[in-house]
Amino acid sequence: MRVQVVEHPLIAHKLTQLRRVETSSNHFRQLTKELVMLLSYEASDSIATEPITITTPVTETEGTQLAGPTPLVVPILRAGLGMLDGMTSMIPTAEVGFLGMARNEETLDIITYAERLPDDLTGRHVFVLDPMLATGGTLAEAIRFLKRRNAKEVTCICLLAAPEGIERLQKDVGDLEVDLYLAAIDEKLDENAYIVPGLGDAGDRLYGLAE
Ligand SMILES: O=P(O)(O)OC[C@H]1O[C@H](OP(=O)(O)OP(=O)(O)O)[C@H](O)[C@@H]1O
Ligand SMILES: O=c1cc[nH]c(=O)[nH]1
Ligand SMILES: [Mg+2]
């Protein structure tokens, strides 16, 4: 697994706004979208392309287009849904599959409560979206799920990670072909497995309180 923190003044600025406790849900959604658009530029670095001949108003020329098979974008519900719009605006031809996962806040076990993905992902480049990588349990489960369906390349885009979660992912799926792109690695997890300093519960901040 390769881990890359994308360092850019706009990412640092927007992430700081995102963290602020007074940021409204509406602003949080907008900032999340913008951050994903910036991160996706780096995260799509290895996306497959092919040459294409086109005609400009002046002449014929060689250009570049995204090659098949179509990339698949997979937001992990609920919070990952907040990143979908930014990603599909950058890669409009991508298909979208869904994984619904939630961690039990007491046991930290992961339940997969929804899945809508192609049965066979052979040869597909899959982009997984989830803003928070805390213990790493959710992302490890998602990566294993996609690899069982033969996904070729898995690129994860997260906003924040805890060092503990990255370490766990390296142990659990480090041998698989996975790239992880992040806006920042924070200090630690607290006693409730929340990222510190973090931004709180991303799902709640995007969509309001669960229950
Ligand atoms: O690394 P982990 O310890 O597994 O925690 C990270 C997960 O927790 C959050 O989802 P949550 O379970 O709160 O679901 P939600 O998106 O519906 O709020 C977050 O969006 C990740 O999916
Ligand atoms: O800090 C955290 C940890 C898990 N999930 C979140 O949304 N935030
Ligand atoms: Mg949540």
Side-chain angles (χ1 to χ4, degrees), residues 1 3 5 14-25 27-29 31-33 35-36 39 43 73-87 96-117 126-147 154-174 176 178-211:
M1 185 176 81
V3 181
V5 177
K14 287 176 195 297
L15 185 60
T16 302
Q17 297 304 315
L18 194 78
R19 289 180 190 276
R20 296 175 83 121
V21 68
E22 67 268 29
T23 297
S24 68
S25 281
H27 193 201
F28 194 96
R29 287 192 291 268
L31 287 164
T32 299
K33 177 178 177 177
L35 280 163
V36 173
L39 288 170
V73 176
V74 179
I76 300 182
L77 311 181
R78 189 180 43 140
L81 211 47
M83 300 169 76
L84 180 60
D85 200 24
M87 194 66 189
V96 181
F98 296 90
L99 268 178
M101 292 181 157
R103 69 175 195 174
N104 178 315
E105 293 292 343
E106 263 119 59
T107 63
L108 302 180
D109 290 337
I110 310 304
I111 55 153
T112 302
Y113 59 84
E115 173 266 304
R116 195 82 164 91
L117 290 168
V126 182
F127 291 89
V128 178
L129 308 178
D130 193 336
M132 309 302 274
L133 197 183
T135 64
T138 303
L139 205 53
E141 188 67 27
I143 291 166
R144 279 195 293 263
F145 192 103
L146 296 165
K147 288 289 183 178
V154 175
T155 301
C156 305
I157 306 180
C158 299
L159 300 183
L160 288 185
E164 296 91 327
I166 296 177
E167 207 173 299
R168 169 164 175 190
L169 271 190
Q170 290 283 17
K171 277 200 200 108
D172 286 10
V173 296
L176 303 176
V178 176
D179 288 290
L180 172 62
Y181 289 85
L182 299 160
I185 299 175
D186 273 9
E187 197 184 318
K188 60 175 184 181
L189 292 177
D190 71 9
E191 58 285 3
N192 299 313
Y194 271 75
I195 299 174
V196 180
L199 49 76
D201 186 298
D204 290 355
R205 298 206 58 189
L206 282 159
Y207 300 119
L209 290 176
E211 285 320 303

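Start at 1 and go down the list; that is how both ligands and their atoms are numbered. Please read these numbers as outputs of a predicted model, since none were measured by experiment. When a residue number appears, it is its place in the shown sequence, counting from 1. Atoms considered below: every heavy atom in the structure, side chains included; atoms not considered: hydrogens, waters and symmetry mates.
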For ligand 2, which of its N or O atoms have a protein N or O partner closer than 3.5 Å, and how long is each gap?
from, atom 1, to, atom 2, distance (Å)
ligand 2, 1 (O), Ile195, N, 2.8
ligand 2, 7 (O), Ala202, N, 2.8
ligand 2, 8 (N), Gly200, O, 2.8

### Task
May I ask you to decide if Leu206's main-chain N or O and Arg29's side chain share a donor-acceptor pair within less than 3.5 Å?
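Pair found, side chain donor or acceptor close to backbone of Leu206.
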
Heavy-atom donor-acceptor pair, Thr23 side chain to Leu18 backbone, under 3.5 Å: no

Fill in: From CA spacing to verdict: side chain to side chain contact (heavy atoms under 4.5 Å, CB included), Ile195, Leu189
CA-CA 5 Å; Ile195 299 174; Leu189 292 177; 3.9 Å; yes

In Thr32, Val36, Val73, the residue satisfying side chain to side chain contact (heavy atoms under 4.5 Å, CB included) with Leu84 is Val73

Close side-chain approach of Lys147 and Val173, heavy atoms under 4.5 Å = no

Could you tell me the separation between the [atom1] atom of [X] and the [atom2] atom of [Y], rounded to the nearest 0.5 Å?
X	Y	atom1	atom2	answer
Leu117	Leu99	CG	CG	5.0 Å
Ile110	Thr135	CD1	OG1	5.5 Å
Arg205	Asp201	CZ	CG	10.0 Å
Tyr207	Arg78	OH	CZ	8.5 Å

Using atom types as modelled, flag every donor-acceptor pair under 3.5 Å from a side chain in residues 136-145 to any protein atom, sequence neighbours excluded.
from, atom 1, to, atom 2, distance (Å)
Glu141, OE1, Arg144, NH2, 3.2

- Could you walk me through whether Leu180 and Leu133 pass the side chain to side chain contact (heavy atoms under 4.5 Å, CB included) check? CA-CA 10 Å; Leu180 172 62; Leu133 197 183; 3.6 Å; yes

Tell me the protein N, O or S atoms under 2.8 Å from the Mg ion (ligand 3), in chain and number order.
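The answer is Asp201 OD1, Asp201 OD2.
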
- Query: Within a radius of less than 6.0 Å around CD of Glu167, do more than 12 heavy atoms belonging to other residues, nucleotides or ligands occur?
  - Reply: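 No, not enclosed.
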
Checklist line | Steps toward side chain to side chain contact (heavy atoms under 4.5 Å, CB included) verdict (Leu160, Arg19) | finding: CA-CA 10 Å; Leu160 288 185; Arg19 289 180 190 276; 3.5 Å; yes

For ligand 1, run through the N/O pairs with the protein that fall under 3.5 Å and put one pair on each line.
from, atom 1, to, atom 2, distance (Å)
ligand 1, 1 (O), Ala134, N, 2.9
ligand 1, 1 (O), Thr135, N, 3.1
ligand 1, 1 (O), Gly136, N, 2.8
ligand 1, 3 (O), Arg103, NH1, 2.8
ligand 1, 3 (O), Thr135, N, 2.9
ligand 1, 3 (O), Thr135, OG1, 2.6
ligand 1, 4 (O), Thr138, N, 2.9
ligand 1, 4 (O), Thr138, OG1, 2.5
ligand 1, 12 (O), Arg103, N, 2.9
ligand 1, 16 (O), Arg78, N, 3.1
ligand 1, 16 (O), Ala79, N, 2.9
ligand 1, 17 (O), Arg78, N, 3.3
ligand 1, 17 (O), Arg78, NE, 3.0
ligand 1, 18 (O), Arg78, NE, 3.4
ligand 1, 18 (O), Arg78, NH2, 2.9
ligand 1, 20 (O), Asp130, OD1, 2.8
ligand 1, 22 (O), Asp130, OD1, 3.4
ligand 1, 22 (O), Asp130, OD2, 2.5

